[in-house]
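Below, each value reflects all heavy atoms present in this structure, side chains not excepted, and no hydrogens, waters or symmetry copies. Computed from a predicted model, the values in this text were never measured in an experiment.
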Amino acid sequence: MDDNATAVLEEARICEAGGSGQLLPLGGDWEIGLNPRVRMVLYFIGLIYSFMGVSVVADLFMSAIERVTSVQRCVQIGTSKRFCTSPVWNETVATLTLMALGSSAPEIMLSLNDIVKRTFVQGKLGASTIVGSAAFNLFVIVAVCINAIPAGESRQIKQRGVYAITALFSIFAYVWLLFIVAFISKDEIELWEGAVTFLYFPVFVTVCYLADIGVLTIDNLKTKCCPKRFDEEADTGPKTWLEKFKVENFKEEDLDPEEKRRREEEDKKREAARLAKERELGINRPGETLTRKQRCLRRCCRRRPPPQAEEGDVEAMVEEEHNTYLSDPNIFLLDDDGNPLENEYGIITFSMHSLTIRAKNEEQHIPVQIVRKNGNEGKVTCTYRLEQLSAIPGFDYEDDEGEVQFRDGVQSAEITLTVLPKKRGERSDRFQVVLEEPTGGAEFNPDFDGGEECQRLTVIVENEIRGGSCLTALIDSIVNLDELRQGTSLWKDQVLENVYVGGSKEEQDQAGALDWLNHLIWLPWTFTFALLTPPPAYLGGWICFFISLMHIAWLTIIIGDLAELFGCVANVDDNITAISFVALGTSVPDLFASMTAARQDPTADASIVNVTGSNSVNVFLGIGMPWLLASFYWYLQGTTFAVKSQGMSFSVLVFTCGACVTLSVIQIRRWKFGGELGGPVDAKAYSSFLLVVLWLSYIGLSVWKFENMEAPLTQDLMILGLCIPLVAVALLIFALIRFALKLSKEYIGEEGFWGIFIAIGIFGIRFA
């Protein structure tokens, strides 16, 4: 290896005469001539203020990601009036790609910039910030989330398979990092190592996706590993995921033409005879037997992939029958076996599968009927809202939300849609009425679009007003002009909200001095990003996504320069600055977001799975991508990419040990208290304190190593082992303090206890 080619360039330090960063220092020799303490304070304040800017643009970035991942695919089933709605983005894939990128973008961009700005020579900020941020995420954020749950409540992880994979990868990622740096090719990264580290990211996402859709499960793995044993224990139904997939997605096109034609003829004859008999008797039997095609149409909206229905007379008869089947409250909803669905409080659904409205030159008020079938006991309610597809609220329809109520014995309710007039040449659009959150024991129709979770009525606004410019019609069909108009209106409102204190003229008139001070502190960031960043309404959020990413990129350049200036003036190693100040500053927005999610979400997935997933993504993207670029660059130069493994290897080792302890605590909490988050007060306190101590231990041990880079491995292991009893002692002291606090409440009160505690601390410091 050519040491001259890969060693860190010897240049003037950034805080000294002749030294410079990418953008800072701005003051030149005048700034260098200031008192070092003054400069240290100014750079520290600049770091804090830059982190505030990151938090502002991160909110815009996340709003863009939410808009991108919220897009729904609404597909018409054959020639019927039924629709099947499914998200374009799989929830797990969105969480591990866009969402993880949103929460980790500052660290990833900082690491990438740290390599590129040095012409692909290793810097001290990039990798250390990634590991330091991972430690803060896993130890501190999880500790805060555990303690954020109200007393007596708990939150469980719902997607256990995805969590297990993300937790495994979050450990594996850092173990892999340790091996390639310290063992496989010590102090250098070869091209294949950088490539494999980066390619673990798509592998990680793919494995999590397979676990989410049920392909990669424990039962399937058992079946593959021990087929004979589990075949004997299994029933006669489909045994593997592939067989289940074939059964669930059976298509008549798979049959040979002769068999397919024979079955179609039998279905037609059977269906025609049944309908003729019912017309003769004038009844609808609740327990009627459904044909194969009826069952297919019933099941179509339960599946994520939108199936295709065939054309023909049977479909037309089934569609006509379904109109009455849904709209008449006295006709029971049936399951796949033809038996009535049982619910004495009722099953809520729409009276039709879709609604087509002919656009006019004037505003229209369209009633939509909601029925309560199979039961009518007690008062039940559900909420409704309108969700845009291609139709834009405020331009194609009036947005609305509210509650639908059914009193005892009432089987029908109605809401009114306001459809706005269309312009000449404007395209036809769609939006949906969504029913959610049934109460009073009621349920939703499982055979309707949305299934048991919600009910989705697709509303089609057809524009039959002819005329207008052909060019306008063409542009509207490509980019949706109403969406552009909506985005322009929201952009204007976005700027004005950030100009006024409190977001409006009325709030500003009532604002106090502190409100004005807070507004003026944040105003440079909020106004700048509101003015330069379009709202997510444009092109499905993608414009906001990329522009926000650009803002994060130039902010990380400033943060990198400020961190190096602060460390240089304060005589603190850049690695120490990275794992502490920089990692903490870039992760604080995630802390508040995770704490809010822990309190509001019914599960712990958004809090814990997001942390374990983000930590994996941090390594595969935040370290894998820069190292791949650097190793490729030096491969073209005929050498390898050099890294200093001593300090980083020890830091990764300490984090990995702490991560194993943290994941064990999370699992024990699930077994012992029924949930990873929350639980009894004492359990929350001890768990949170242990994780915070682990984070402080990680910081302390890493700082020690960066200050003693030449310490041998035996000394490193001895210091790491010494940390274990120190953590135990800290837990014991914490337990004694909690015991004394509980005891003192009965005699001198909590205030008296803390007064004595502070007094003892002051005396101890005084005589120390």
Using only atom types and a distance under 3.5 Å, with no angle test, would you say the side chain of Asp561 pairs donor to acceptor with the backbone of Gln22? yes
Does Phe44 CZ have over 12 foreign heavy atoms under 6.0 Å away? no
Is it true that Asp601 and Arg155 have a side-chain N and a carboxylate O under 4.0 angstrom from each other? no
Do you know the tightest heavy-atom contact between Phe641 and Ser631? CB-CA, 3.9 Å
Taking the side chain as C-beta and beyond, is there a heavy-atom pair between Val196 and Trp176 under 4.5 Å? yes
Can you spot which of Ile130, Ile552, Val582 makes a side chain to side chain contact (heavy atoms under 4.5 Å, CB included) with Leu110? Val582
Does a sphere of radius 6.0 Å around CE in Met550 hold more than 12 heavy atoms from other residues, nucleotides or ligands, not counting ones at 6.0 Å or beyond? no
Shortest non-hydrogen contact between Met595 and Ala148, atoms and distance: CG-CB, 3.8 Å
Grab the two heavy atoms, one from Leu663 and one from Ser170, that are nearest each other, plus how far apart they are. CD1-OG, 4.4 Å
Check whether any side-chain heavy atom of Leu653 lies under 4.5 Å from a side-chain heavy atom of Leu720, and answer yes or no. yes
Does Ala711 offer a backbone N or O that forms a donor-acceptor pair with the side chain of Lys705 under 3.5 Å? yes
If you apply the rule side-chain contact (heavy atoms from CB on, under 4.5 Å), what do you find for Leu23 with Ile558, and how did you get there? CA-CA 7 Å; Leu23 297 177; Ile558 295 176; 3.9 Å; yes
Counting only heavy atoms from other residues, nucleotides and ligands, does the tally under 6.0 Å from OH of Tyr686 exceed 12? yes
For Gln122 and Lys644, indicate whether the former's side chain and the latter's backbone hold a donor-acceptor pair under 3.5 Å. yes
Donor-acceptor contact below 3.5 Å, side chain Glu193 vs main chain Glu190: yes
Mind telling me whether Trp525 and Trp554 have parallel, tilted or perpendicular rings, with 30° and 60° as the class edges? tilted
Backbone N or O of Asp590 within a donor-acceptor pair of the Ser587 side chain at under 3.5 Å? no
Would you check if the side chain of Trp627 reaches a backbone N or O of Phe198 as a donor-acceptor pair within less than 3.5 Å? no
Show, in sequence, the C-alpha distance, side-chain angles and deciding distance for Phe204 and Tyr200, and conclude whether the ring pair (Phe, Tyr, Trp, His ring centres under 6.0 Å) test is met. CA-CA 6 Å; Phe204 169 59; Tyr200 275 136; over 10 Å; no
Derivation and outcome, side-chain contact (heavy atoms from CB on, under 4.5 Å), residues Val181 and Ile189: CA-CA 7 Å; Val181 169; Ile189 300 298; 4.3 Å; yes
Between Ser664 and Gln667, is any pair of side-chain heavy atoms under 4.5 Å apart? no
Between Thr129 and Leu125, is there a donor-acceptor pair closer than 3.5 Å when you use the side chain of the first and the backbone of the second? yes
Is a side-chain donor or acceptor of Tyr174 paired with a backbone partner of Asn615 at a separation under 3.5 angstrom? yes
Look at atom OH of Tyr635 and say whether more than 12 heavy atoms of other residues, nucleotides or ligands are closer to it than 6.0 Å. no
Val569 pairs by side chain to side chain contact (heavy atoms under 4.5 Å, CB included) with which of Arg39, Glu16, Arg37? Arg39
Within residues 95-130 or reaching into it, pairs that qualify as ring pair (Phe, Tyr, Trp, His ring centres under 6.0 Å) - sequence neighbours excluded: Phe120-Tyr633
Should we count OH of Tyr49 as having more than 12 external heavy atoms under 6.0 Å? yes
Does Ser103 reach the main-chain N or O of Ala100 with its side chain, forming a donor-acceptor pair under 3.5 Å? yes
Could you point out which residue of Thr556, Leu562, Ile557 forms a side chain to side chain contact (heavy atoms under 4.5 Å, CB included) with Ser50? Leu562
Any chance you could lay out the side-chain contact (heavy atoms from CB on, under 4.5 Å) test for Glu676 and Val142, step after step, and finish with the verdict? CA-CA 10 Å; Glu676 289 82 0; Val142 172; over 6 Å; no
Are any non-hydrogen side-chain atoms of Ile719 and Trp704 less than 4.5 angstrom apart? yes
Closest heavy-atom pair and its distance - Ala659, Ile171: CB-CD1, 3.4 Å
If you take all heavy atoms of Pro626 and Leu621, which pair is closest and at what distance? CD-O, 3.3 Å
Do any N or O atoms from the side chain of Thr92 and from the backbone of Cys208 form a donor-acceptor pair under 3.5 angstrom? no
Could you check whether atom CG of Asn35 has more than 12 heavy atoms from other residues, nucleotides or ligands sitting under 6.0 Å from it? yes
Which residue is it: Val207, Leu210, Leu96? I am looking for the one with a side chain to side chain contact (heavy atoms under 4.5 Å, CB included) to Ile165. Val207
For Met648 versus Phe706, what's the shortest heavy-atom pair and its separation? N-CE2, 4.2 Å
Could you walk me through whether Tyr43 and Leu24 pass side-chain contact (heavy atoms from CB on, under 4.5 Å), step by step? CA-CA 11 Å; Tyr43 295 146; Leu24 302 177; over 6 Å; no
